[in-house]
Amino acid sequence: MQDLKRRTFFKLGLAGAALSIFKPSKAAELIEESANIKRMAFRPTVVSTWEHGIAANEGAWKILSANGKALDAVEAGVRVTESDLTNRSVGAGGRPDAEGHVTLDACIMDEESRCGAVAYLEGIGHPISVARAVMEKTPHVMLVGEGARDFALDQGFEKVKTPLKEVKKDWKEWKKEKKQEQSRINNENHDTIGMLALDQFGNLSGACTTSGWAYKMPGRVGDSPIIGAGLFVDNEIGAACATGMGEAIIRIAGSHTVVELMRQGHSPQIACELAVDRIIKKHKDLTNLQVGFVALNKSGDYGAYSVYKGFNVAVNRDEVGKLEDAGYVKEWE
Ligand code: SD4
């Protein structure tokens, strides 16, 4: 006991001495050094779906590399894709529903399991930021349709006009045949950006945004804005997001399933593979049923897997960004 007291006193004494003999700049240096040691325990990483993720990840990385938060990084990252009006699957340039309306779905989730979502939102350029506003400024998780739009306008979000001329032209072409089926989703023709980030503080967040299934029935909502389907984050374990046929992803609560599989001890890669297996087991007809999952855990390990060949993910860590092909079960016929 006596010894313990002496040791404690000794330690405190040293700390006190350190504070008194170091000039403020040295003390600040020490604080910075210990903060750096803490940060080095985590490896900031951002992963996102498809090759449009490369530009999006750069947007996110600017924030992560400036000691920013994962939540800010994923929002800024997917906003890059939403701003790109040449992108036919995300944001206001996306493909419309059967009536020619571009309606957008998005959700966001942070390290405290706070989440926000919008669905069937029309005429607003950044659904992900509206989703964040739902999370931060309302007691709700999800707003849809006109309610979501009115809320966005109240919050000062700008209106955007859609669809673009090219989008309208394609839609008119589609209307001639009116085929209500999911087109083949591969790396030339993909939808949705889902993004997951781990920051230097060891916190995870995710975002997901899309215009959804092209020429969908009016009112249709896919997995992308549904917490647990298109995106799920549990800061104790990891995060996951999905792309592909939303109906199939919702059926197995896809992203939540991937996170729970990681909780059971599986790596992000195996968790994605097991979730894809589950989708395959639940569907007799796999025609055009592409689904891809991406997962990221607290250590910055990530994985990705899809039903069909062609899914890829953009990955940024240690300042280096790259596009990686995901594993898959089947080749397209
Ligand atoms: C949806 N999951 O609306 C979205 C679309 C998508 O690759 O991700 N396609 O069902």
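Ligands are counted one by one from 1 in listed order, and the atoms in each one are counted from 1 as well. Throughout, residue positions are numbered sequentially from 1 according to the sequence presented.
- Ion pairing of Lys169 with Glu173 is absent here, as no side-chain N (NZ or NE/NH1/NH2) approaches a carboxylate O to less than 4.0 Å.
- Taking every non-hydrogen atom of Ser224 and a distance limit under 4.0 Å, the qualifying atoms of ligand 1 come out as 2 (N), 4 (C).
- Polar contact with ligand 1: absent for Asp105 (N/O pair, distance under 3.5 Å).
- Considering both main-chain and side-chain atoms, Ile249 never comes within under 3.5 Å of ligand 1 through any nitrogen or oxygen pair.
- A salt bridge between Asp170 and Lys175 is absent, with no side-chain N of the basic residue lying under 4.0 Å from a carboxylate O of the acidic one.
- Looking at Gly212 next to ligand 1, no N or O pair under 3.5 Å apart turns up.
- Distances below 4.0 Å separate heavy atoms of Asp223 from the following atoms of ligand 1: 1 (C), 2 (N), 4 (C), 10 (O).
- With respect to the salt-bridge test (charged N to carboxylate O, under 4.0 angstrom), the residues Lys168 and Glu166 do not qualify.
- Taken to the nearest 0.5 Å, the NE2 atom of His266 stands 11.5 Å off from the CD atom of Glu260.
- Ligand 1 places these atoms under 4.0 Å from at least one heavy atom of Trp213: 3 (O).
- Ligand 1 has no nitrogen or oxygen under 3.5 angstrom from a nitrogen or oxygen of Thr210.
- Annotation: Arg220 places an N or O atom under 3.5 Å from an N or O atom of ligand 1; distance criterion only.
- Remark: Arg251 CZ to Asp223 CG distance equals 11.5 Å, nearest 0.5 Å.
- When only interatomic distances are considered, the shortest N/O to N/O separation between Thr243 and ligand 1 falls below 3.5 Å.
- Heavy-atom proximity to Gly244, at under 4.0 Å, picks out these atoms of ligand 1: 1 (C), 2 (N), 4 (C), 5 (C), 6 (C), 7 (O), 8 (O), 9 (N), 10 (O).
- Ion pairing between Asp234 and Arg263 holds under the 4.0 Å rule for side-chain N and carboxylate O.
- Taking 4.0 Å as the cut-off between side-chain N and carboxylate O, Glu75 and Lys69 do not count as a salt-bridged pair.
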